[in-house]
Amino acid sequence: MTALAIKYAGDREVAKLYAEHHINSGNVETALETYKNVLNAASSLEDYKTIIEIEAYLERNDSVNRYAQLALERFPGDIDLYFTKGYGEYYMKSYDQSIATFQEALRYAPTDSLRSVIYGSMGEIARAGDSLNSEYAKYFQQALKFDPENLHAIYNYSDYLIQTGRDPERALKNLKNDSLRSLMLGTFGDMLHSLDGGADNRESYRYYQKALRYDPDNIHVLNNYSYFLSLEERELELALEMIGRVIELEPGNPTYIDTYGWILYKLGRYEEAKKALQQAVALDRDGSKELLIHYGDILYELGEYFMASTYWKRALDHGYDPQEIERRLKKIEDKQP
């Protein structure tokens, strides 16, 4: 192969075969040099992209940017090259240059959907450059003007609105798809719940309720809403109804069955809760520590102390808080004559 490469030095096809031989042998650097040696004015866009791909694999962003720029000088208007160069600059923390590259890409974007993606990328980069500067939000706004269903832009713009104390629903202004609107309203509920650590869930629940008006069978919202209500021990009948609907929509999911059983437990319906948790434990393949602890708690209330301690100890083996397990086991000890 080496003799052939020397004899036909400069021949692109021979060089390609020689380079592929080195790649298959694990000699990536030699393959890269081979591709570079035959790069000339007649080289194709694919030749440049092969070099860029290898440089990216080697995590040499400076070389990625250099060859992307050389390729753009030969093949202006190739959107993929702008993304490669723009994100290469982003990884090197050259945020202003990266945004300028994406700004240039907008000139060649053939569709509104692609323009939306580009503006979303600019927003992401601007925020990385200065997360305290609200200027990044304008890029996500522009992204949503071109594509109101750009979920990445919706999420990031709504996150900005929540962080600045404004209504995240502004991010859905032009969204017509009820299913997507429900999805994002549910996400707002999750974000707000996470933001205050569940200290005040009224706003979070308000978005869950709105989400269910647009899609009453939104499984994610039905599950989270019911679970958070159960933690607060409020509106438990509503919570049970919602998680019951989730199980109808997606039967056999141990997480949902666990939530259903836990709400029954909170309602004092221990025998029904036990049946639900038996099924959840049988279906679980991940050894969920929360599921095990719930089952132990239910068995304890039914006076089945030995089995309760068994499942609590299994929860401990799967990483549950040792102090919580010790506290539970102490309750059994205190009941012993």
Side-chain angles (χ1 to χ4, degrees), residues 79 82-83 86-87 89-91 93 95 98-99 101-103 105-106 109 111-228 242 246 250 255:
I79 291 293
Y82 281 108
F83 272 90
Y87 274 110
E89 291 159 343
Y90 165 68
Y91 295 137
K93 301 188 186 306
Y95 301 121
S98 177
I99 289 173
T101 296
F102 280 106
Q103 192 75 50
L106 285 169
T111 65
D112 283 350
S113 177
L114 187 52
R115 292 184 191 96
S116 179
V117 170
I118 291 170
Y119 273 115
S121 297
M122 293 165 72
E124 181 182 356
I125 293 159
R127 183 166 61 178
D130 187 358
S131 61
L132 298 179
N133 186 341
S134 63
E135 282 294 297
Y136 73 83
K138 71 181 182 183
Y139 293 115
F140 294 124
Q141 284 179 287
Q142 283 295 110
L144 292 173
K145 285 181 181 177
F146 285 106
D147 181 6
E149 296 187 3
N150 182 332
L151 295 182
H152 177 264
I154 291 173
Y155 181 87
N156 282 283
Y157 183 45
S158 60
D159 180 58
Y160 159 77
L161 293 169
I162 287 172
Q163 297 294 336
T164 54
R166 282 175 271 188
D167 183 1
E169 210 165 346
R170 289 169 56 180
L172 308 181
K173 184 171 63 174
N174 298 314
L175 187 62
K176 307 299 183 188
N177 184 315
D178 283 354
S179 180
L180 287 181
R181 183 174 287 272
S182 177
L183 172 70
M184 292 314 303
L185 286 166
T187 301
F188 300 162
D190 294 343
M191 292 163 73
L192 285 161
H193 183 272
S194 175
L195 188 65
D196 64 9
D200 183 359
N201 283 323
R202 285 174 296 181
E203 277 298 288
S204 176
Y205 293 164
R206 186 168 71 86
Y207 283 107
Y208 287 152
Q209 289 159 8
K210 283 189 172 186
L212 293 173
R213 284 201 290 271
Y214 285 100
D215 180 5
D217 289 338
N218 183 325
I219 288 178
H220 177 82
V221 171
L222 288 167
N223 180 65
N224 283 9
Y225 192 10
S226 61
Y227 182 67
F228 293 144
M242 289 193 292
V246 170
E250 195 172 312
T255 300

[Y] and [X], any side-chain heavy atoms less than 4.5 Å apart:
{"X": "Tyr225", "Y": "Leu212", "value": "yes"}
{"X": "Leu185", "Y": "Leu172", "value": "yes"}
{"X": "Met191", "Y": "Phe188", "value": "yes"}
{"X": "Leu161", "Y": "Asp167", "value": "no"}
{"X": "Phe228", "Y": "Tyr208", "value": "yes"}

* Asked: Does a side-chain N-to-carboxylate-O contact under 4.0 Å join Asp112 and Arg115?
  -> yes

* To do: Sequence neighbours left out, what passes side-chain contact (heavy atoms from CB on, under 4.5 Å) with Tyr227? Give chain and number order.
  => Ser230, Leu231, Thr259

* Yes or no on side chain to side chain contact (heavy atoms under 4.5 Å, CB included) for Thr187 and Ile154, after CA distance, side-chain angles and deciding distance? -> CA-CA 10 Å; Thr187 301; Ile154 291 173; over 6 Å; no

Does one side chain, of [X] or [Y], offer a donor that lies under 3.5 Å from an acceptor on the other?
{"X": "His193", "Y": "Asn224", "result": "no"}
{"X": "Glu124", "Y": "Tyr139", "result": "no"}
{"X": "Ser121", "Y": "Tyr87", "result": "yes"}

* Tyr160 ring center within less than 6.0 Å of Tyr136 ring center -> yes

* For this output row, return yes or no: ring centroids of Phe140 and Tyr119 closer than 6.0 angstrom. => no

* Would you say Lys210 has more than 12 foreign heavy atoms packed within less than 6.0 Å of its NZ? -> yes

* To do: Can you run down the side chain to side chain donor-acceptor pair (under 3.5 Å) pairs that involve residues 146-158, sequence neighbours left out, and say none if there aren't any?
  => Ser116-Asn150, Arg127-Asn156, Gln141-Tyr157, His152-Asn156

* Any side chain to side chain donor-acceptor pair (under 3.5 Å) pairs touching residues 171-186, not counting sequence neighbours? -> Ser182-Asn218

Let me confirm one number: the [atom1]-[atom2] distance from [X] to [Y], rounded to the nearest 0.5 Å.
{"X": "Glu250", "Y": "Ile219", "atom1": "CD", "atom2": "CD1", "answer": "4.5 Å"}
{"X": "Ile125", "Y": "Tyr90", "atom1": "CD1", "atom2": "OH", "answer": "7.0 Å"}
{"X": "Gln142", "Y": "Leu106", "atom1": "CD", "atom2": "CG", "answer": "9.0 Å"}
{"X": "Thr101", "Y": "Ile118", "atom1": "OG1", "atom2": "CD1", "answer": "11.5 Å"}

* **Tyr82 and Phe102: CA distance, side-chain angles, deciding distance, side chain to side chain contact (heavy atoms under 4.5 Å, CB included) verdict** => CA-CA 7 Å; Tyr82 281 108; Phe102 280 106; 5.7 Å; no

* Least distance between heavy atoms, Pro148 atom then Leu175 atom -> O-CD1, 3.4 Å

* To do: Provide the closest heavy-atom pair for Ala143 versus Ala153 in the form atom of the first, atom of the second, distance.
  => CB-CB, 3.7 Å

* When you look at Val117 and Phe83, which way does the side chain to side chain contact (heavy atoms under 4.5 Å, CB included) test go after all the steps? -> CA-CA 10 Å; Val117 170; Phe83 272 90; 3.9 Å; yes

